[in-house]
Amino acid sequence: MLDPRLIRTNPELVREKLSRRKEDVDLDNFLELDAQRRTYIGEVEKLKNRRNVVSQQIARFKKEKKDVDDIIKEMKQVSDTIKEYDDKIRDLEQQLNDILLSIPNIPHDSVPEGDSEEQNVEVRRWGQPKEFTFTPKAHWDIGEEHNILDFGTAGKVTGSRFAFFRGLGARLERALISFMLDVHTTQHGYVEVLPPFMVHRRSMIGTGQLPKFEEDAFKIEGTEYFLIPTAEVPVTNMHREEILDGSKLPLKYVAYSGCFRSEAGAAGRDTRGLIRQHQFDKVELVKFVKPETSYDELEKLVADAEKILRLLGLPYRVVLMCTADLGFTAAKKYDLEVWMPSYNRYVEISSCSNFEDFQARRADIKYRMGAKDKPEFVHTLNGSGLAVGRTLAAVLENYQQEDGSVVIPEKLVPYMGGIERISK
RNA sequence: GGAGAGAUGUCCGAGUGGUUUAAGGAGCUGGUCUUGAAAACCAGUGACACCGCAAGGUGCCGGGGGUUCGAAUCCCUCUCUCUCCGCCA
């Protein structure tokens, strides 16, 4: 959510900044309703003041046994008008809020302008894609060969875009989760959280998944609960409607969760394998920071996520998203893309964003330095550290051997109970 | 799922329709006293949000709605917490 005051006082600036997203945003309606709202508030507050004053007068007069019928009759009138204006204001505020919730975040000035993913900018690469002496297999073939991934049975039991992990596949998934959590808690200072996998509507609005993208989410029938599409939602909303102690910032959390995405519109892409599933595991990093540090914190967040790929020895690159590929809520976003041999290209495995105060406004998360200071909105950030299913896919593909076996990355061996290789 | 109890300012806690539209205490800030501190005493201080250039005003006693000239107080509804029962990993 943008600052309504900024829109009111400097609509041209907002318009110009938003135009970099190549999206048409109508601010005129907002400005019009906003002006109306303030007019009504001015009127109704005058009346309320009169009501308060006269109410006390009535009490006094009654005590003195004076006649108050006329005043009460008049006050009835005033009261009705107040109700009328309050209704009007409520209605206007509802409309204004709906508009505010549907306006995307303003891109940071350092974000390149673009109208498609073509204009995303590669920032750096790490590692060399391995030269295979044979034709590398796709991870779903490797997985089925070793009977560690089973998509067919998942189709029978649930439907398409679900998977069974079994045997060493299940163990590898679990090993990756533990490994990532351990690195982020012990080396990067994050506090581990295991959140609810369902949240109510207000939380989904708080982080920006709703109201615009309801068709992407799974909703539990007969309840107001949504399956979380990412741990970002419950973890960011942990501090909703709170005023945090500024001296305790930044707050850093790492959370494992299952993630559930319907992505109704995305059918047809990446239909095979683990890349695009309705349910997947993710280890998510979330930070609450002071505004002046948020861009430094974003760089650190990216580095923390990169660390996992480095420790696993998976080649990757970092890409800065252009304005068209930012998503609704981010002011700036980097993607980490891991090398996937069967795709013969880099594939997104993490997305790290600074939302500035966009989510903080929606979820009402503030901080205060001293007891006398005014509370201010925090900046929130998050990033995958990493998407676990895709990491498993990347491990299978990058570590496959000519004989069909898969070598377990050194750092994962302790988490695999000493197993160094998956083979038949 | 059933029954009951509760939700008040930073904290504790009073307050069942109007004589301060949040008492009293703690805390916090300043002062007196003291070599210093504590204690005591005196004074001040009540989150937060909105409107306004400002003065000031308005809202806020878990959320929302209603009754009334007037609601923390009465009514409806929702949420959460606690206790007991049922069910259950």
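By convention in this document, chain letters (A, B, ...) are assigned in the order of the sequence lines, proteins followed by strands, and residues within each chain are numbered from 1. Small disclaimer: the values here were computed from a predicted structure and weren't measured.
Side-chain N or O atoms of Thr293(A) include none that pairs as donor or acceptor with a backbone N or O of Val289(A) at under 3.5 Å. Using modelled atom types, no side-chain atom of Arg15(A) and backbone atom of Ile7(A) make a donor-acceptor pair closer than 3.5 Å. Checking side-chain atoms of Ser262(A) against main-chain N and O of Phe218(A) turns up no donor-acceptor pair under 3.5 Å.
As judged by a 4.0 angstrom heavy-atom cut-off over every strand, Arg50(A) is placed among residues making no nucleic acid contact. Residue contacts shown for Glu74(A) are absent, as no nucleic acid heavy atom lies under 4.0 Å away. When heavy atoms are screened at a 4.0 angstrom cut-off, Arg8(A) is found touching the sugar-phosphate backbone but no base atom. Using a 4.0 Å heavy-atom distance criterion, Arg5(A) is classed as a sugar-phosphate-only contact.
Counted by atom type alone, Thr230(A) and Lys282(A) present one or more donor-acceptor pairs between their side chains at under 3.5 Å.
Here C51(B) is the nucleotide among C69(B), C48(B), C51(B) with the atom lying nearest to any side-chain atom of Glu45(A). For Arg37(A), counting side-chain heavy atoms from C-beta on, the closest listed nucleotide (C50(B), C48(B), C69(B)) is C50(B). Residue Ile41(A) has its side chain nearest to C51(B) when only A49(B), C51(B), C69(B) are considered. Side chain of Lys48(A), nearest nucleotide from U58(B), A49(B), G18(B): U58(B). In the set G18(B), G70(B), C48(B), G70(B) carries the atom at the smallest distance from any side-chain atom of Ser79(A).
The separation between Glu241(A) atom CD and U79(B) atom P is 16 Å, rounded to whole Å. Separating the CD atom of Glu43(A) from the P atom of C51(B) is a distance of 16 Å, rounded to the nearest angstrom. Counting to the nearest Å, the C1' atom of G9(B) and the CD1 atom of Ile243(A) are 13 Å from each other. When rounded to the nearest whole Å, the span between CG of Asp87(A) and P of G66(B) equals 7 Å. The interatomic distance linking Ile82(A) (CD1) with A71(B) (C1') rounds to 14 Å, in whole Å. Spacing between atom OH of Tyr225(A) and atom C1' of C80(B) amounts to 11 Å, rounded to whole angstrom units. In this structure, NZ of Lys46(A) is placed 15 Å from P of G59(B), rounded to the nearest angstrom. Rounded to whole Å, atom P of C51(B) lies 15 Å from atom CG of Asp86(A).
Using P as the reference atom, G65(B) and C85(B) are 38 Å apart when rounded to the nearest Å. G1(B) and C87(B) are spaced 8 Å apart, taking the C1' atom of each and rounding to whole Å. Comparing the same atom, P, in C80(B) and in C74(B) gives a spacing of 23 Å after rounding to whole Å. Comparing the P positions of G52(B) and U73(B) gives a spacing of 30 Å, expressed to the nearest Å. Distance check on atom C1': A7(B) versus C12(B) gives 15 Å, rounded to whole Å. Distance noted for atom C1' between G59(B) and G9(B): 15 Å (whole Å). G15(B) and G6(B) are spaced 13 Å apart, taking the P atom of each and rounding to whole Å. Comparing the C1' positions of U68(B) and A14(B) gives a spacing of 25 Å, expressed to the nearest Å.
The shortest distance between the side-chain N/O atoms of Lys83(A) and the OP1/OP2 oxygens of G65(B) is not below 4.0 Å. Distances shown here put every side-chain N or O of Arg361(A) at or beyond 4.0 Å from the OP1 or OP2 atom of A49(B). For Arg90(A), a side-chain nitrogen or oxygen approaches OP1 or OP2 of G65(B) to under 4.0 Å. Applying the 4.0 Å criterion to OP1 and OP2 of G70(B), one finds that Asn52(A) has every side-chain N and O outside that range. Note on Asn49(A): a side-chain N or O is less than 4.0 Å away from OP1 or OP2 of U58(B). At least one side-chain nitrogen or oxygen of Arg368(A) sits closer than 4.0 Å to the OP1 or OP2 atom of C48(B).
Remark: G62(B) base-pairs with C78(B). Criterion, Watson-Crick or G-U wobble with two distances under 3.5 Å. Nucleotide C84(B) forms a pair with G2(B), judged by Watson-Crick or G-U wobble geometry with both contacts under 3.5 Å. Across all strands shown, C69(B) pairs with G18(B); the Watson-Crick or G-U wobble distances both stay below 3.5 Å. Across all strands shown, A55(B) remains unpaired; no Watson-Crick or G-U wobble contact has both distances below 3.5 Å. Here U35(B) sits opposite no nucleotide as a Watson-Crick or G-U wobble pair (both hydrogen-bonding atom distances under 3.5 Å). Across all strands shown, the partner of A43(B) is U29(B), judged by Watson-Crick or G-U wobble contacts whose two distances both fall under 3.5 Å.
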Practice item. Evaluate the salt bridge (charged side-chain N to carboxylate O under 4.0 Å, His left out) criterion for residues Asp3(A) and Arg361(A): first the C-alpha distance (whole Å), next the side-chain angles of each, then the deciding distance (0.1 Å), finally the verdict. Key: CA-CA 8 Å; Asp3(A) 183 357; Arg361(A) 271 178 204 286; 3.6 Å; yes
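Look at Lys137(A) and Glu145(A) and you find a salt bridge, because one of the NZ, NE, NH1 or NH2 atoms lies within 4.0 Å of a carboxylate O, short of that distance. Ion pairing of Asp115(A) with Arg20(A) is absent here, as no side-chain N (NZ or NE/NH1/NH2) approaches a carboxylate O to less than 4.0 Å.
Between Asp34(A) and Ile58(A), the residue anchored nearer the 5' end of RNA chain B, judged by the nucleotide with its closest heavy atom, is Asp34(A). Taking the nucleotide of RNA chain B with the nearest heavy atom to each of Arg38(A) and Val53(A), the more 5' of the two is matched to Val53(A).
Each of Glu376(A), His239(A), His379(A) was compared with Tyr367(A) under the side chain to side chain contact (heavy atoms under 4.5 Å, CB included) criterion, and only Glu376(A) meets it.
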